[in-house]
**Student:** 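Got a structure here, written out as structure tokens. Questions coming.
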Amino acid sequence: MTRGGLILAVESSCDETGIALVEDGRRIHSNVVASQVAMHAAAGGIVPEVAARAHLRWIVPVLDEAWAAAGVTWDDVSAVAVTEGPGLAGSLLVGINFAKTLAYVHGKPLVPVNHLEGHLYAAWLADEAREVPEPLFPVVALIVSGGHTFLVEMRDHLAYRLLGETVDDAAGEAFDKVGRLLGLPYPGGPEIMRAAAGATRHDVVFPRAWLGDSFDFSFSGLKTAARRTIAAETGGTGTSAGDSPLANDRVAELADGFQESVVDVLVTKTIRAARAAGARSVVLGGGVAANRVLRDRLAAAAQAAGMPLVVPRPALCTDNGAMIGAAAAWRFEAGTRAGLDLDAKPSLPLARR
Ligand code: KG4
Ligand code: ZN
């Protein structure tokens, strides 16, 4: 079966401008990402207007580079896909209008894609560097990003049942906030991972929010506990990026304690949900899936439970165009199309319970 053929996919929902050419939802011909991370680091977070302007600045050069790297032409393309939501309205608008214009000018169908579906479908992308099997249904997937944290069951392509979600902060958001409390640069996720890797003692234990048998998550209590501990140890002065009164060793231990708490809850609930659903594969996606400790811990737990983990390489876990092309292949086959009136949907949900 053909799965959409060659799709040109555009992602601009947050702070990465991504364009990819993906064949049959699996083979990446090119995948170019212009990241604004360095630009937003100075402000300690994303400034929406600044993000939208940067997408405007970079989207054409990113497209040029995607074509140059792919060695294909417009004649080979079956559709243009774009993230319609969820995300920042201004950022989404840039990608949507760009994709609409490309589809119109080149006479190609336009396929709208849910950003979260993109994170899920990143697990279907092939990897040149290593053999990755396709996930087998039923799939239980954990998606952990800067804006979302949820567990979803997939019994077939494009068929989702929400098992649980965060009731407060997303996991990535918690990493970013605690990173800031520790005086680490933005974004906190990768910085906490790096700092924690240097911990020689592992005796900082932060609380875990189990929420009974539920598959929901909560990270606000953990964040508060981390804030209290850090305030107590710094005499309540707090910290700012690059200027922490905490010794490096202590930052490493606190980062390790925080990361252990997040990973413990994510792994335990995911395996419990996968068992309950009779899953044949466990999928991990979203920016926080770039975290090595989470990847290793979930892989080991899934293996022990007899359900292999499928997790894309880190560059495909954080926002990129290829993941949108992967989901678009199945959307295209299912007949999903958008007209030139496609609008940004900042709070588009993926699934219901
Ligand atoms: O999926 P993503 O690129 O953008 C959203 O859709 O939100 O996720 C970004 C989030 C940020 O919160 C960032 O700190 C987190 O993913 N992140 C990580 C790591 N790399 C990125 N969190 C923990 N460990 C990492 N290595
Ligand atoms: Zn994302």
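In listed order, ligands and their atoms are each counted from 1.
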**Student:** I need the nearest protein heavy-atom contact for atom 12 (O) of ligand 1: residue, atom name and distance, please.
**Tutor:**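 Of every protein heavy atom, D176 OD2, 2.8 Å lies nearest to atom 12 (O) of ligand 1.
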**Student:** Which heavy atom of the protein is the closest neighbour of atom 4 (O) of ligand 1, given with residue, atom name and distance?
**Tutor:** D319 OD2, 3.2 Å
**Student:** Would you check the N or O atoms of G287, main chain and side chain alike, for any that come under 3.5 Å of an N or O of ligand 1?
**Tutor:**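 N/O-N/O distance below 3.5 Å exists for this pair.
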**Student:** Start with the C-alpha distance between Y160 and L120, add both sets of side-chain angles, then the distance that settles side chain to side chain contact (heavy atoms under 4.5 Å, CB included), and finish with yes or no.
**Tutor:** CA-CA 11 Å; Y160 314 105; L120 267 172; 3.4 Å; yes
**Student:** Distance under 4.0 Å to a non-hydrogen atom of A290: what atoms of ligand 1 satisfy this?
**Tutor:** 20 (N), 26 (N)
**Student:** Going by the ring-ring contact (aromatic ring centres under 6.0 Å, His included) test, which pairs reach into residues 55-77, not counting sequence neighbours?
**Tutor:**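 Counting only pairs at least two positions apart or across chains, the ring-ring contact (aromatic ring centres under 6.0 Å, His included) contacts touching residues 55-77 are W67-W74, W74-H106.
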**Student:** Relative to the heavy atoms of G146, which atoms of ligand 1 are at a distance of less than 4.0 Å?
**Tutor:**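 It comes down to these atoms of ligand 1: 5 (C), 7 (O), 8 (O), 9 (C), 10 (C), 12 (O).
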**Student:** With a 4.5 Å heavy-atom cut-off, do N31 and L316 have their side chains touching?
**Tutor:** yes
**Student:** Do the charged groups of E49 and R53 touch, with an N to O distance under 4.0 Å?
**Tutor:**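 A salt bridge is absent here (no side-chain N lies under 4.0 Å from a carboxylate O).
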**Student:** Would you mind running through ligand 1 and noting each atom that sits below 4.0 Å from a heavy atom of P187?
**Tutor:** 14 (O)
**Student:** Is there side-chain contact between L158 and R331, with at least one heavy-atom pair below 4.5 Å?
**Tutor:** yes
**Student:** Is there a polar contact, in the sense of an N or O pair closer than 3.5 Å, between M193 and ligand 1?
**Tutor:** no
**Student:** Looking only at N/O atoms, are G189 and ligand 1 under 3.5 Å apart anywhere?
**Tutor:**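 Such a contact does occur with ligand 1.
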**Student:** In terms of side-chain heavy atoms, does S218 have a donor or acceptor partner in D168 at a distance below 3.5 Å?
**Tutor:**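 Yes - a donor-acceptor pair under 3.5 Å links their side chains.
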**Student:** Assess G147 for proximity to ligand 1: is some non-hydrogen atom of it under 4.0 Å away?
**Tutor:** yes
**Student:** Looking only at protein heavy atoms, identify the closest one to atom 24 (N) of ligand 1 and say how far it is in Å.
**Tutor:** N291 ND2, 3.0 Å
**Student:** Would you mind telling me if ligand 1 is within reach of the side chain of H115, the backbone, both or neither, using heavy atoms under 4.0 Å?
**Tutor:** side chain
**Student:** What protein N/O/S atoms are there under 2.8 Å from the Zn ion (ligand 2), waters excluded?
**Tutor:**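 N, O, S partners closer than 2.8 Å: H115 NE2, H119 NE2, D319 OD1.
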**Student:** Enumerate the atoms of ligand 1 whose separation from the nearest heavy atom of G172 is less than 4.0 angstrom.
**Tutor:** 12 (O)
**Student:** Are I46 and Y186 side-chain neighbours, meaning at least one heavy-atom pair lies under 4.5 Å?
**Tutor:**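 In short, these two side chains touch, coming nearer than 4.5 Å.
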**Student:** Does the side chain of L294 come within less than 4.5 Å of Q259's, by heavy atoms?
**Tutor:** no
**Student:** So for ligand 1, is E16 a polar contact partner (N or O within less than 3.5 Å, distance only)?
**Tutor:**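 It does not: no N or O of E16 is found under 3.5 Å from an N or O of ligand 1.
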**Student:** I need the contact type for T318 against ligand 1. Using non-hydrogen atoms and a strict under-4.0 Å cut-off, is it side chain, backbone, both or neither?
**Tutor:**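 It is both parts that get close, each with some atom under 4.0 Å.
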**Student:** Of the backbone atoms (N, CA, C, O) and the side-chain heavy atoms from C-beta on, which set of H119 has a member under 4.0 Å from an atom of ligand 1: side chain, backbone, both, or neither?
**Tutor:** side chain
**Student:** Hey, is D203 close enough to R201 for a salt bridge, meaning N to O under 4.0 Å?
**Tutor:** yes
**Student:** Check whether any side-chain heavy atom of T234 sits under 4.5 Å from a side-chain heavy atom of L246, and report yes or no.
**Tutor:** yes
**Student:** Using the side-chain hydrogen bond (donor to acceptor under 3.5 Å, both in side chains) rule, collect all pairs that involve residues 295-310, keeping only residues at least two apart or in two chains.
**Tutor:** E260-R297
**Student:** Is L222 close to D169 at the side-chain level, that is, under 4.5 Å between some pair of heavy atoms?
**Tutor:** no
**Student:** Ignoring hydrogens and angles, write down the donor-acceptor pairs under 3.5 Å from the side chains of residues 78-90, residues two or more places apart or on other chains.
**Tutor:**
from : atom 1 : to   : atom 2 : distance (Å)
S78  : OG     : G4   : O      : 2.3
S78  : OG     : L6   : O      : 3.1
T83  : OG1    : E11  : OE1    : 2.6
E84  : OE1    : K345 : NZ     : 2.8

